[in-house]
Each structure stands twice: as structure tokens, then as C-alpha cells.
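Take a look at the structure below.
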Protein chains: 2
Amino acid sequence: MNKKQQILLAATQSFSRYGYKATTMDRVSKIAQVGKGTIYLHFANKEELLKEIIKELAAQMRLAADQEINKHATFIDRFEAALYGILQFQERHELIIKLSDELKDFRTPIVKKVLADFEQEICLYIEEKVEKAIQKQEIKPCDPKLTAFLMYKTYIHLVNDWKENHQPLSREQVVYLIRFYFLEGLKPAAYQA
Amino acid sequence: MNKKQQILLAATQSFSRYGYKATTMDRVSKIAQVGKGTIYLHFANKEELLKEIIKELAAQMRLAADQEINKHATFIDRFEAALYGILQFQERHELIIKLSDELKDFRTPIVKKVLADFEQEICLYIEEKVEKAIQKQEIKPCDPKLTAFLMYKTYIHLVNDWKENHQPLSREQVVYLIRFYFLEGLKPAAYQA
DNA sequence: CTTATGACCAGAATAGTTTTTTGGTCATTT
DNA sequence: AAATGACCAAAAAACTATTCTGGTCATAAG
């Protein structure tokens, strides 16, 4: 029964473990215990299969963040809560990390496009929240698109890039640091006046 | 006469225009109007030639930044001035940009290493300045290494990555934005108390 | 004797060719 | 109507032949 779910699960597994290129449709059908032709009853092609998985992942992250957000009143608390919500997805992130690594080794245009879409999806989400916060005067006026872009990139740097040459940061540290740099700023209180 | 300078100039030119891989030692010797063997009297090999060029570039940037810094009294002014100083290097940056692009297309370990060294060089420089500023209590206490890392990355994002999908930012905008996000923070004045 | 050179060579990169793999189809089965 | 897997064209990989290039060094110039 529900063959489509089996296929999605199998594909997610294989993409996460072996990457896009090294995942064959044959293998997916084997893992899903489904005829290869069956995959094509549900997905137009390999690219669409990956796209759908990523789309679902983005939707789930959005949902997780929104749920956390609703528990808090002030922007700063909501901001931290949303970050926590997203950071819970550790295993799900593995797919994204695997695809990012793949992009460094091979030049697979499909993977590049899918990841770019994912990035834009997340940035748009952050952008929405930033816009609302500006309207409510919970943060200073700023370019929401640019702010979202920098927040996302900073998040990636703290979670992924920093650990390449240094001790990796804990979830708590990441949340603290983003709050510290984006909300508080480095200027000491004495200078504020 | 001063053959070493001729070689450095020729190599810089060719590396900037064609990248590391596509620059042949033959071509460098031709441009420098020097026998190929002569290059090897001054540089151990192709890698060392690039390294030396990058090292000099880093030193020049450091000097430019320091000179600007000395003209200003407060950390914020010095910070902006140093950024301006570095941003003046437009043409010099072309070498770095070319090498960065090359890294995306081919997997040349030497280029990767050289660029990583360059990045670390700049981060170390920023780190020094941040440390001093903390000591003088011109900015809040923070991890200097991490702060330098984020500042550098943010700078690169604003100057390079942002323009891939958006209108490029002017020098003035970049300086303003780094100041805005790193020093001021998004938290509005009302929240400060 | 010191400095400079470019013909030369081994190994790397590239181009060309053959073989294998794989995304996607569709006639057949369930 | 839903599912399958043998099948095929096209892409990737493996292999080979050819060209290119970093680095050397015997020789030349100063």
C-alpha cells in the first residue's frame, strides 16, 4: 500500500546517504520494494522526486518554526524559539548537508538549483517575519530581504562552516550568537547615548 | 633589469585574467620577457609564485587598512575607514575573485589552500583589531576569532554573493550595512533598557 | 664565476574511443 | 486500473592515445 510514501522514504534515505548522483532509480525502487515503473506513476522524473522531498522538508521546517513562534510573545523570544525549532531537524539537515557537499565535488546543476530554491524558500520565510517585526516596531527599520539573507548565511556559517576549522558550536551557542550579533550589536551601552 | 618584479607583475596579470590552472609558466615567461628558467631562480615552483603574490596582496591590504585606521580616533570610525581602505583595492580583488570562481569550476587543491590562507590572514588581522577594541572597551566583550570570522564572511556576502541574485551594493552601502548589523544591532532603542 | 636561457623530458592533463551504467518507457501481467 | 521489469537511448565511466606543461640542466652570455 501507500507506495508513494514508501518511495519518498526510500529516496530520502538514499539521497541523504549517497547523494543525488549516486542514487539510482533502480536502488530507490529496490529499497522501496516497488517496481521501477511505479516510481514514474508518482513522480515525473528523478529531479522532481528530489524537489518534492526538499519541498516537504521546507514545509515541515516552516511548520516547526511557526509552532514554536506561537508560544512566545516578544520578537526576541519568538526569534530564538524559531531557531530552536529549525535546529531540532538535525537528521533532516543531513540531506541538505550531503547535497551541499556533493555540490563541492561534482558540478550537478540539478542539485545546485534545488539547493538554491531551498535557500530562497527559507530566506523568504525569514523575510516575512522580519517585515512583520518592523511593522510592529519590534526591530529597527531595515531591508527585510537583505536582513533575511544575512541571517540565513550567518546561521549556515555558525552551524556548518565554523566547525571546519574550529570546535563545533552547540545549539544553545548558535542561538545565543545570532541573537547577540543581530539584535544586540557590538556597540557597548556607554556608546548608545 | 629587476626580473623578479617583471615576473611577479606578469604572473599577477595572467593569474587574474586566466586563473591559476590556465596560466602556464611558459606564458608568464613570455609576458615577463624572461627565459622560463629565470622564473625558477626566484621562485621554487608555480605554487610558490602564487603564494608570494597573495602574500604581498595581503600585506598591502593590511597596510592600507592600518593607514586609514590611524586617521581616526573612535573604533567605529576606524572600523569604517579600514573597510574603505580595503574596498579601494577593487582591481587587486579581481585576482581573488578569479581564483574563487576557478575553485567553483575545477577542484584545484593549491588554489583552495592559497585562498584559505588568505582568508585566515584577513581574519587574523580583524581578530587583532577586535581584541584591542574589547580591551579598550570600545565594543562589548565577545569571542574575537568568531567575530572576525563572521565579519569577514558578511563582508564577502555583501560584496560578492548578494549581487548574484540582486542589485549589487555600492561601497558606501557595504560600509553602512556592516556598521549597522555588527555595531548597532536590530534591537530598537526602546528595548535597550 | 654569476646570471640567464630555452630545448628537453617525465608526468599530468586532455581528447578520443569503447564499454558500462542508468533514467525513463511501455508491452505485458496482476 | 495499477504495477511491473525487460528494454533502449543516452549519459557516464573506463580505458587508451595524444598533447601539453611544470620543472631541469647543459650551454651561453655577461
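All chains are named by letter (A, B, ...) in the order of the sequence lines, taking the proteins before the strands, and each is independently numbered beginning at 1.
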Mind checking B/Thr23 for me? I need base, sugar-phosphate or nothing, with any heavy atom below 4.0 Å counting as a touch. sugar-phosphate
Given side chains that start at C-beta, do those of B/Val175 and B/Phe79 come closer than 4.5 Å, heavy atoms only? no
Just how far, in rounded Å, is P of D/dA2 from CD1 of A/Ile7? 14 Å
Side-chain touch B/Lys140/A/Phe180, heavy atoms, less than 4.5 angstrom: yes
note: B/Ile39, atom CD1; D/dC25, atom C1'; distance rounded to Å ~ 16 Å
Measure CZ/A/Phe106 against C1'/D/dA11 and give the value in whole Å, please. 15 Å
Separation of D/dA12 atom C1' from A/Tyr20 atom OH, nearest Å, is 14 Å
For A/Lys30, answer base if it contacts any base atom (sugar-phosphate contacts may also be present), sugar-phosphate if it contacts only those atoms, and nothing otherwise; contact means non-hydrogen atoms under 4.0 Å. nothing
Restricting both atoms to N or O, compile the protein contacts to nucleotides 24-26 of chain C shorter than 3.5 Å, with distance only.
{"unit_1": "C/dG24", "atom_1": "OP2", "unit_2": "A/Tyr40", "atom_2": "OH", "d": "3.2"}
{"unit_1": "C/dG24", "atom_1": "OP2", "unit_2": "A/Lys46", "atom_2": "N", "d": "2.7"}
{"unit_1": "C/dG24", "atom_1": "N7", "unit_2": "A/Lys36", "atom_2": "NZ", "d": "3.2"}
{"unit_1": "C/dG24", "atom_1": "O6", "unit_2": "A/Lys36", "atom_2": "NZ", "d": "2.3"}

Closest to the A/Leu41 side chain, choosing from D/dA3, C/dG23, C/dT5: D/dA3
Output field: ring centroids A/Tyr181/B/Tyr181 closer than 6.0 Å: no
Keeping B/Ser16 on the side-chain end and B/Thr12 on the backbone end, is there a donor-acceptor pair under 3.5 Å? yes
Nucleotide of D/dT4, D/dA13, C/dA4 approaching A/Lys3 most closely (side-chain heavy atoms): D/dT4
Using whole Å, what does the distance between atom C1' of nucleotide D/dA2 and atom CG of A/Asn2 come to? 14 Å
Just by modelled atom types, is the B/Phe43 backbone N or O under 3.5 Å from a matching donor or acceptor in the B/Lys4 side chain? no
Rounded to whole Å, NZ of B/Lys4 lies from P of C/dA4 at a distance of 13 Å
Atom-pair distance (NZ on A/Lys21; C1' on C/dT22), nearest Å: 12 Å
Would you call the rings of A/His157 and B/His157 parallel, tilted or perpendicular if under 30° counts as parallel and over 60° as perpendicular? parallel
How many whole angstroms separate atom NE2 of A/His42 from atom C1' of D/dA3? 9 Å
Could you go through B/Tyr155 and B/Asn160, starting from their C-alpha distance and side-chain angles, then the distance that decides it, and tell me whether this counts as side chain to side chain donor-acceptor pair (under 3.5 Å)? CA-CA 8 Å; B/Tyr155 166 77; B/Asn160 283 343; over 6 Å; no
